[in-house]
Amino acid sequence: MNEMIAMQAETAGPADGLRPVSIPLPDPGPGQVRIRVVAASVNFSDVMRRRASPYPFPTTFPYIPGGEVAGIVDALGPDVEGPAVGTPVFAVVGTGGEGGYAQYAIAVASRANPIPPQFDLNVAAGLIITGVTAVSMLRNVARLEPGETVLVPAAAGGVGSLLVQVAKVLGAGKVIALASTEAKRATARRLGADVALDPAASDLDASIREAAPNGVDVLFEMAGGTWLDRGMAWLAPFGRAIVYGSAGNDVRAFKQDTLDQWLSTPALGQTVTAFNLGLVFGLRPQWAQAAMQSLIGWIAEGKVEAPVGHVLPLTRAAEAHDLLEGRASTGKIVLNPWPEPEAKVVAEARGYRFELSHGGKVLAFRWTSDTEDLTTQGFCEALTHYAAVTERYRPQGLLVDVQALRFPGPPPEEGWRDRVILPRYLAAGSRRMAYIGFGEPGDMPAVHDHFAERRFADEASAMAWLQSSPSETK
């Protein structure tokens with residue numbers, strides 16, 4: 001094979017400018033390895049560079065995004081001794097953190113970090129950029145001390161979710177999380193946040209003062225605009241504000257009285273530090289190495305969870321960018337470059353399993369055993385599980401195979417599915433649901449606009465309908 005598939009932006013612009021291209025398979029040079037990519041992490045830096053937002057170094061177009069991947073070492077460059085071919089690794093790729101949205105990527109051999117064979121590659125793909133950022137900022141830049149209070153924005157996102165957990169592992173006394181929806185705030189609390197607040201709430205300042213009456217010791221800021229100016233009022237004496245991004249793409253602005261108070265005599269000993277991950281890799285590689293080793297250990301011990309919110313095929317990279325830009329993601333977003341030739345079991349529980357197929361377009365829910373003892377609560381829990389898996393993989397169509405279902409009742413409360421479950425299917429982008437083994441073939445009433453349901457006599461017909469154009473209604 002001399003060609004591979006990659007996602008490329010010809011010029012700077014919106015996410016739909018990312019298109020699949022066939023390009024020559026890269027050869028590793030001196031000091032390099034080639035990685036067969038199993039999972040490519042999607043980071044906000046990819047979004048910024050795709051749209052040519054201000055960035056520490058220029059982006060050359062055509063541009064293949066993707067700064068970090070996990071996969072298997074496929075080839076070694078001249079005089080490279082390892083990692084050996086066949087070794088599972090996670091790595092920063094390209095000369096400037098690009099080229100990862102592809103079936104193969106090139107990495108400097110010393111930056112291809114071996115991982116245990118059983119380690120989930122989808123998790124590993126997102127550990128370097130977000131993980132080194134979170135650990136280095138807390139440990140090396142903020143120098144977090146036990147018992148201190150930490151404030152984390154975007155606390156259900158890739159970096160934020162790790163900041164919450166690592167702060168707790170390092171001994172933070174209280175973690176205040178900011179997240180835009182109740183679902184995200186619930187995620188932050190589950191990961192260890194003591195308080196979770198809505199950043200858009202009119203009483204946010206009062207709520208932070210209530211949660212941290214003596215002030216916030218370590219404050220992270222990544223939105224840009226006036227957020228840092230506002231956050232300085234929350235800082236405790238000797239507090240440290242760490243700036244690590246500008247997701248809002250707005251120039252930061254300080255009011256003069258904020259600067260006067262910050263720099264006045266007697267001053268409060270507060271500091272503001274701008275964090276640059278590239279400088280860590282270039283000038284403090286020992287920080288990065290220690291951070292990665294710590295993360296792998298904490299994850300193996302169950303102290304830290306690296307949430308993977310969405311796993312999408314490589315060809316849906318534009319959708320991944322839309323999720324990030326629209327702040328609609330939770331946890332990491334990962335792209336898989338290789339289409340599955342057969343259905344892949346992605347989750348299972350007693351009596352049922354979920355299979356993903358057809359390049360991630362169809363998610364099937366199959367009852368796998370006699371379910372005569374199934375309770376109403378168990379049935380509702382199974383559908384809720386289905387909704388959660390749908391949100392993670394965002395398939396175009398949903399299949400329900402009820403041939404093994406023996407549900408004695410009583411049925412769930414009338415309207416429960418329509419009120420609780422269907423909105424989650426729609427939010428995940430699914431627009432069709434096919435049933436086999438249930439009733440006569442034919443259309444079913446669509447409870448929500450643009451959501452079609454049909455019964456089929458056989459699975460082949462159901463699959464063909466689920467994969468057809470979403471604009472078709474039949």
Flag side-chain contact, heavy atom, 4.5 Å: Ile176 against Val152: no
Steps toward side-chain contact (heavy atoms from CB on, under 4.5 Å) verdict (Asp46, Arg50): CA-CA 6 Å; Asp46 303 338; Arg50 184 215 75 224; over 6 Å; no
Using a 6.0 Å distance limit plus a 45 degree cone around the ring axis, check whether Arg432 lies over the aromatic ring of Trp465. yes
Going by atom types alone, do Tyr435 and Glu453 pair a side-chain donor with an acceptor below 3.5 Å? yes
What is the minimum heavy-atom distance between Thr87 and Pro114, and which atoms define it? CG2-CB, 4.0 Å
Between Arg316 and Asp322 (salt bridge meaning N to carboxylate O under 4.0 Å), is one present in this structure? no
Using atom types as modelled and distance alone, determine if a side-chain donor or acceptor of Lys174 lies under 3.5 Å from a backbone N or O of Ala211. yes
Looking at Glu210, I want to see if its CD is surrounded by more than 12 non-hydrogen atoms of other residues, nucleotides or ligands under 6.0 Å. no
Under the 3.5 angstrom rule, does the side chain of Ser161 hit a backbone N or O of Gly158 as a donor-acceptor pair? yes
Rounded to the nearest 0.5 Å, what separates atom CD in Gln403 from atom OG1 in Thr368? 13.0 Å
Please find the pair of heavy atoms, one from Ser357 and one from Met463, that lie closest to each other, and give the distance. OG-CE, 4.0 Å
Do side-chain atoms of Glu381 reach the backbone of Leu383 as a donor and acceptor pair under 3.5 angstrom? no
Between Asp194 and Arg189, does a salt bridge (Lys or Arg N to Asp or Glu O under 4.0 Å) hold up when you go through it step by step? CA-CA 6 Å; Asp194 300 282; Arg189 287 189 289 267; over 6 Å; no
First locate atom NZ of Lys344, then atom CG of Asn336, and finally report the distance between them rounded to the nearest 0.5 Å. 6.0 Å
Do Val216 and Leu219 have side chains that approach each other closer than 4.5 Å (heavy atoms only, starting at C-beta)? yes
So, are Glu391 and Arg424 salt-bridged, with charged N and O less than 4.0 Å apart? yes
Say you draw a straight line from CD of Gln165 to CH2 of Trp298; how long is it, rounded to the nearest 0.5 Å? 10.5 Å
Check ion pair Glu325-Arg51 (N to O, under 4.0 angstrom): yes
Provide the closest heavy-atom pair for Val218 versus Ala142 in the form atom of the first, atom of the second, distance. CG1-CB, 3.7 Å
Looking only at side-chain N and O atoms, does His310 offer a donor or acceptor that is under 3.5 Å from a partner on Arg394? no
4.5 Å side-chain heavy-atom contact, Phe354 and Thr390: no
Could you check Asp203 against Arg209 for salt bridge (Lys or Arg N to Asp or Glu O under 4.0 Å), going step by step and ending with a plain yes or no? CA-CA 10 Å; Asp203 61 347; Arg209 285 193 294 271; over 6 Å; no
Donor-acceptor pair, side chain of Asn113 and main chain of Phe90, under 3.5 angstrom: yes
Could you check whether any side-chain heavy atom of Arg431 comes within less than 4.5 Å of a side-chain heavy atom of Gln396, counting everything from C-beta outward? no
Nearest atoms (heavy-atom pairs only) where Pro83 meets Ala112: CG-O, 3.5 Å
For Met137, which of Val280, Val166, Leu163 qualifies under side-chain contact (heavy atoms from CB on, under 4.5 Å)? Leu163
salt_bridge(Glu305, Arg190) N-O dist < 4.0 Å: yes
Is the backbone N or O of Phe456 less than 3.5 Å from a side-chain atom of Asp458, with the two atoms forming a donor-acceptor pair by type? no
Could you check whether any side-chain heavy atom of Val311 comes within less than 4.5 Å of a side-chain heavy atom of Ile333, counting everything from C-beta outward? no
Heavy-atom side-chain proximity of Val243 to Phe220 below 4.5 angstrom: no
Straight-line distance of Ile299 CD1 to Asp120 CG, nearest 0.5 Å: 10.0 Å
For a 4.5 angstrom cut-off between non-hydrogen side-chain atoms, does Leu197 reach Ile208? yes
For the pair Thr375 (side chain) and Gly378 (backbone), establish whether a donor and an acceptor sit closer than 3.5 Å, ignoring hydrogens and angles. yes
Minimal heavy-atom distance between Met7 and Leu314, with the atoms involved, is CG-O, 3.3 Å
Could you tell me if the side chain of Asn43 sits less than 4.5 Å from the side chain of Leu324, heavy atoms only? no
When you compare the side chains of Lys332 and Ser41, does any donor N or O come within less than 3.5 Å of an acceptor on the partner? yes
Looking at Arg353 and Glu355, does any basic side-chain N land under 4.0 Å from a carboxylate oxygen? yes
Arg406 charged N/C atom sitting above Trp367 aromatic ring, 6.0 Å / 45°: no
Can a cation-pi geometry be assigned to Arg34 and Tyr104, taking NZ or CZ under 6.0 Å from the six-membered ring centre and within 45° of the ring axis? yes
Donor + acceptor pair across side chains of Tyr244, Asn276 (<3.5 Å): no
Has the side chain of Tyr386 got a donor or acceptor atom that lies under 3.5 Å from a matching backbone atom of Leu363? yes
Shortest non-hydrogen contact from Ala15 to His321? CB-CB, 3.8 Å
Between Glu68 and Ile128 (side chain of the first, backbone of the second, donor and acceptor by atom type, cut-off under 3.5 Å), is there such a pair? yes
Are Arg366 and Glu348 ion-paired here, with the side-chain N under 4.0 Å from a carboxylate O? no
Test item: Arg49 side-chain N/O and Gly97 main-chain N/O as donor-acceptor pair under 3.5 Å: yes
Keeping Arg139 on the side-chain end and Leu144 on the backbone end, is there a donor-acceptor pair under 3.5 Å? no
Is it true that atom CD of Glu301 has more than 12 heavy atoms of other residues, nucleotides or ligands lying nearer than 6.0 Å? yes
